[in-house]
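All values derive from a computational prediction rather than experimental measurement. When a ligand or atom number is given, it counts from 1 through the structure's own listing order.
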Amino acid sequence: MHYLLILGLKQIIFAAKQVNSVAQPIGIFDSGYGGLTVFRSIAHLMPQYDYLYLGDNARAPYGNRSFDTVHEYTWQSVQWLFAKGCPLVILACNTASAKALRTIQMQDLPLLGNANRVLGVIRPTAQLIGGYSRSLSVGVMGTTGTVSSLSYPKEIAHSYPNIRVSQQACPMLVPLIENGEQDSAAAAYFIQKYTQELLAQDPLIDTILLACTHYPLIAHHIAQHLPAGVQVISQGDIVANSLQDYLGRHAEMQQRISCGASQQFFTTDDTSNFDLHGSQFFGAAIQSSFADVLP
Ligand code: DGL
């Protein structure tokens with residue numbers, strides 16, 4: 001009898017360990033490669049967690065697509081990440097954060113009825129950007145979708161009502177970067193055009209926010225066209241610090257995330273292309289697998 005009880009307990013402990021050993025990674029999503037610049041900062045700050053990155057390269061870029069389409073693609077991708085075991089998904093894409101996050105948080109997640117969460121990159125960035133500007137004039141460069149959503153002017157106004165925000169849509173940059181043409185003459189032409197148009201809106205701008213996770217790859221090109229004293233801010237470290245803060249405040253979520261220090265990469269398109277281009281964004285070699293997200 002005693003022996004059977006001990007055997008039963010051992011089996012229960014073994015089963016519990018099995019459940020615990022199932023990876024519950026943090027999901028990181030972008031329309032393509034851009035989110036890898038954010039993932040890089042997050043993994044650097046918190047290497048202990050398991051991560052699963054998904055790039056929807058087959059349908060990128062999202063920047064010029066409608067609200068409904070960006071929401072549909074993003075929600076499909078988020079559900080795929082949930083099905084892979086991610087309890088928390090970061091939309092490391094400004095366009096998806098601007099056009100899909102609110103609907104996902106307010107409408108889609110409550111219907112699922114679980115405790116999974118989805119966070120974006122706009123609010124954490126807007127909450128800190130005011131700290132960088134002395135002139136109280138900030139320029140925002142982003143996709144047409146992010147700029148036309150007015151998400152940044154609205155979010156920055158919440159935290160910094162005195163800051164003037166000028167926005168510049170840069171529709172040609174993501175297609176150029178996604179195609180590995182960021183150092184080409186064509187890219188140089190558009191980078192100069194967009195930065196000049198932005199600075200012409202407000203000569204007091206002293207801080208330019210790269211409100212697209214693809215743009216850190218061209219930050220050095222943008223800086224070439226700026227007068228002395230104008231700084232360029234990328235989002236990676238801001239989002240990483242904000243996520244660390246979130247997990248510190250939400251023990252119930254932090255405890256669900258597994259700590260195997262693994263990094264998995266998935267794309268909805270060709271994996272060898274993803275490995276080749278993606279490593280430039282991530283700053284290290286990566287090996288991706290195909291993600292069967294598309295219906
Ligand atoms: N990295 C995405 C962003 O931050 C690019 C969007 C796109 O696919 O056009 O907005």
Give one line per pair: atom of ligand 1, protein atom, distance. Only N/O to N/O under 3.5 Å.
from     : atom 1 : to   : atom 2 : distance (Å)
ligand 1 : 1 (N)  : D30  : OD1    : 3.1
ligand 1 : 1 (N)  : T213 : OG1    : 2.7
ligand 1 : 1 (N)  : H214 : ND1    : 2.7
ligand 1 : 4 (O)  : N94  : N      : 2.8
ligand 1 : 4 (O)  : N94  : ND2    : 3.2
ligand 1 : 4 (O)  : T213 : N      : 2.9
ligand 1 : 4 (O)  : T213 : OG1    : 3.3
ligand 1 : 8 (O)  : S31  : OG     : 2.5
ligand 1 : 8 (O)  : Y62  : N      : 2.7
ligand 1 : 9 (O)  : Y62  : N      : 3.3
ligand 1 : 9 (O)  : G63  : N      : 2.7
ligand 1 : 10 (O) : N94  : N      : 3.4
ligand 1 : 10 (O) : T95  : N      : 3.1
ligand 1 : 10 (O) : T95  : OG1    : 2.7

Please output the side-chain donor-acceptor pairs of residues 216-228 that fall under 3.5 Å, not counting sequence neighbours, one pair per line with the distance.
from : atom 1 : to   : atom 2 : distance (Å)
H221 : NE2    : D183 : OD1    : 2.7

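Closest approach of H71 to A100, counting heavy atoms only: CA-CB, 3.7 Å.
Look at E197 and K193 and you find a salt bridge, because one of the NZ, NE, NH1 or NH2 atoms lies within 4.0 Å of a carboxylate O, short of that distance.
Between F39 and the choices Y49, F29, F282, the ring-ring contact (aromatic ring centres under 6.0 Å, His included) rule is met once, by F282.
A tilted orientation is assigned to the rings of F274 and Y53, their planes being inclined by 30° to 60°. Using bins of under 30°, 30° to 60° and over 60° for the plane-to-plane angle, the ring pair Y33/F281 lands in the parallel bin.
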